[in-house]
Amino acid sequence: MSIYLQLLLASFFWGTNVIVMKLLLSEVSFLLLATIRVLLSCLFIALYMKIKHIDFHCENKYKIIIISILAIYLNFYFTFLGMSEVKGIDNAFMNALAPVFTFIFSLVLLKKKGNLYEYIAICITVFAFLLSIHFQIFSIRIGFYYLFIGMILYMLGNVLIQKWQLSHTLSLSFYELLYGFMFLFLHCILVDQFDMKQLLHIPLFYWLLFILISGIGFAYIQVTYIKAIEKIGAFKTSFFLGLNPIVTYIESLFFLKESFDWLHFIGFILLGIAIYLMKGKNQKNIQNT
């Protein structure tokens with residue numbers, strides 16, 4: 001299978017994961033589900049590394065702990081909390097904003113210099129978001145704010161990896177997930193949400209989806225993205241990240257029976273234009289250099 005087909009499959013896993021989580025949140029408390037989700041992903045990555053004889057050694061453990069608190073523990077906490085209160089379509093739209101906020105953090109933390117196309121893209125993105133919430137910014141549901149915080153923390157963690165010049169390897173992903181699980185587990189115990197009896201009420205089909213999409217699927221995503229960066233570069237790989245929320249959006253209409261909204265649809269088109277403006281200009285700059 002070519003690396004491009006592997007990336008398409010990874011986008012399917014990533015986008016479908018939101019749908020699976022929405023289904024399971026009707027059966028399990030959000031914090032317990034987040035804890036099990038991170039544990040399962042950590043175990044599958046560890047198993048893959050063991051089979052492939054990949055070294056578990058990773059330096060800068062203290063920095064990784066900081067990143068895991070931001071990108072795993074707090075990100076999963078706020079994301080799952082918000083996911084339990086908003087529709088899958090809304091969740092997909094928030095994820096589509098991720099590239100823009102990565103750019104903003106790059107401006108602030110990495111001293112990246114933006115160009116006219118990128119600033120236009122940010123303006124388009126803000127307009128697209130306001131369009132998706134029907135410009136009712138003062139009556140926005142609390143779930144949006146939780147998703148927003150989770151996304152900001154995840155993007156911040158990723159930018160810190162670049163700022164601290166850490167190699168984005170499988171060992172880094174493993175320790176991120178391991179430390180993130182430990183913080184989520186302790187939080188789950190402290191607030192008395194670690195009730196394993198809830199898991200007995202999950203239908204077998206949901207369990208199979210959970211293991212396949214959220215466990216094996218996430219491990220596959222990590223392996224594929226790292227392999228793709230080595231083969232085709234970070235820029236071309238990043239293009240496929242924009243497909244993730246589109247998968248979530250389409251599947252929300254079919255599997256969660258959520259209503260189609262023309263403003264959401266137009267918003268996604270505008271986001272696509274914004275991402276194209278940022279990445280298209282960046283690609284031209286790369287070729288010129």
Side-chain angles (χ1 to χ4, degrees), residues 14-42 64-105 108-109 125-126 129 132-133 137-161 173 175-195 198 210 213-214 218 221-222 241 244-245 248-249 252 256 271:
W14 194 296
T16 305
N17 179 66
V18 175
I19 306 300
V20 175
M21 294 300 99
K22 286 288 293 181
L23 293 172
L24 287 170
L25 281 170
S26 62
E27 308 288 341
V28 184
S29 62
F30 80 94
L31 191 54
L32 177 60
L33 183 60
T35 304
I36 297 175
R37 161 78 163 78
V38 173
L39 174 61
L40 196 59
S41 300
C42 181
I64 295 176
I65 290 176
I66 294 174
I67 292 170
S68 70
I69 291 174
L70 296 172
I72 302 298
Y73 166 52
L74 292 176
N75 166 47
F76 270 76
Y77 174 79
F78 285 108
T79 298
F80 274 66
L81 179 59
M83 196 184 301
S84 64
E85 299 189 16
V86 302
K87 298 185 296 184
I89 290 176
D90 295 328
N91 189 281
F93 201 93
M94 292 299 293
N95 288 335
L97 297 175
V100 174
F101 282 99
T102 300
F103 169 73
I104 294 173
F105 278 127
V108 177
L109 298 178
T125 300
V126 173
F129 176 71
S132 73
I133 62 173
I137 191 169
F138 296 108
S139 60
I140 192 172
R141 284 173 292 175
I142 188 66
F144 273 102
Y145 292 106
Y146 294 143
L147 291 175
F148 181 78
I149 293 172
M151 181 189 62
I152 290 293
L153 293 171
Y154 180 73
M155 293 300 107
L156 178 59
N158 285 344
V159 172
L160 285 177
I161 290 175
S173 297
Y175 285 109
E176 269 191 273
L177 290 166
L178 178 62
Y179 296 141
F181 161 72
M182 293 168 63
F183 287 116
L184 283 169
F185 176 73
L186 290 175
H187 191 166
C188 207
I189 293 293
L190 288 175
V191 299
D192 198 26
Q193 279 201 28
F194 199 77
D195 182 9
Q198 298 179 46
F210 184 54
I213 302 297
S214 301
F218 183 81
I221 289 168
Q222 293 299 101
L241 297 176
N244 302 341
T248 302
Y249 181 81
S252 295
L256 299 181
L271 282 174

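One-based numbering along the sequence shown.
- Proximity of Arg37 to Leu24: side-chain heavy atoms (C-beta onward) are nowhere separated by under 4.5 Å.
- Between the CG atom in Leu40 and the CD1 atom in Ile213 there is a gap of 11.5 Å [rounded to 0.5 Å].
- In this structure, OG in Ser29 is found 10.0 Å from CG in Asp192, a value given to the nearest 0.5 Å.
- The distance from atom OH of Tyr179 to atom OH of Tyr175, rounded to the nearest 0.5 Å, is 6.5 Å.
- Between the CG atom of Leu153 and the CZ atom of Phe148 there is a distance of 10.0 Å, given to the nearest 0.5 Å.
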Exercise for review: Quick one: do Phe80 and Leu31 satisfy side chain to side chain contact (heavy atoms under 4.5 Å, CB included)? Show the steps, please.
Suggested key: CA-CA 7 Å; Phe80 274 66; Leu31 191 54; over 6 Å; no
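- Inter-residue side-chain proximity for Phe185 and Leu39 is flagged as unmet; no heavy-atom pair is nearer than 4.5 Å.
- The CZ atom of Phe183 sits 13.0 Å away from the OG1 atom of Thr35 when rounded to the nearest 0.5 Å.
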Residues 64-78 side chain polar contacts: donor-acceptor under 3.5 Å, at least two apart:
{"unit_1": "Ser68", "atom_1": "OG", "unit_2": "Ile64", "atom_2": "O", "d": "3.4"}
{"unit_1": "Ser68", "atom_1": "OG", "unit_2": "Ile65", "atom_2": "O", "d": "2.7"}
{"unit_1": "Tyr73", "atom_1": "OH", "unit_2": "His187", "atom_2": "ND1", "d": "2.9"}
{"unit_1": "Asn75", "atom_1": "OD1", "unit_2": "Thr79", "atom_2": "OG1", "d": "3.0"}
{"unit_1": "Asn75", "atom_1": "ND2", "unit_2": "Ala71", "atom_2": "O", "d": "2.9"}

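- Nearest heavy atoms, Ser214 versus Ser41: O-OG, 3.1 Å.
- The distance from the CD1 atom of Ile149 to the OH atom of Tyr146 is 8.0 Å, given to the nearest 0.5 Å.
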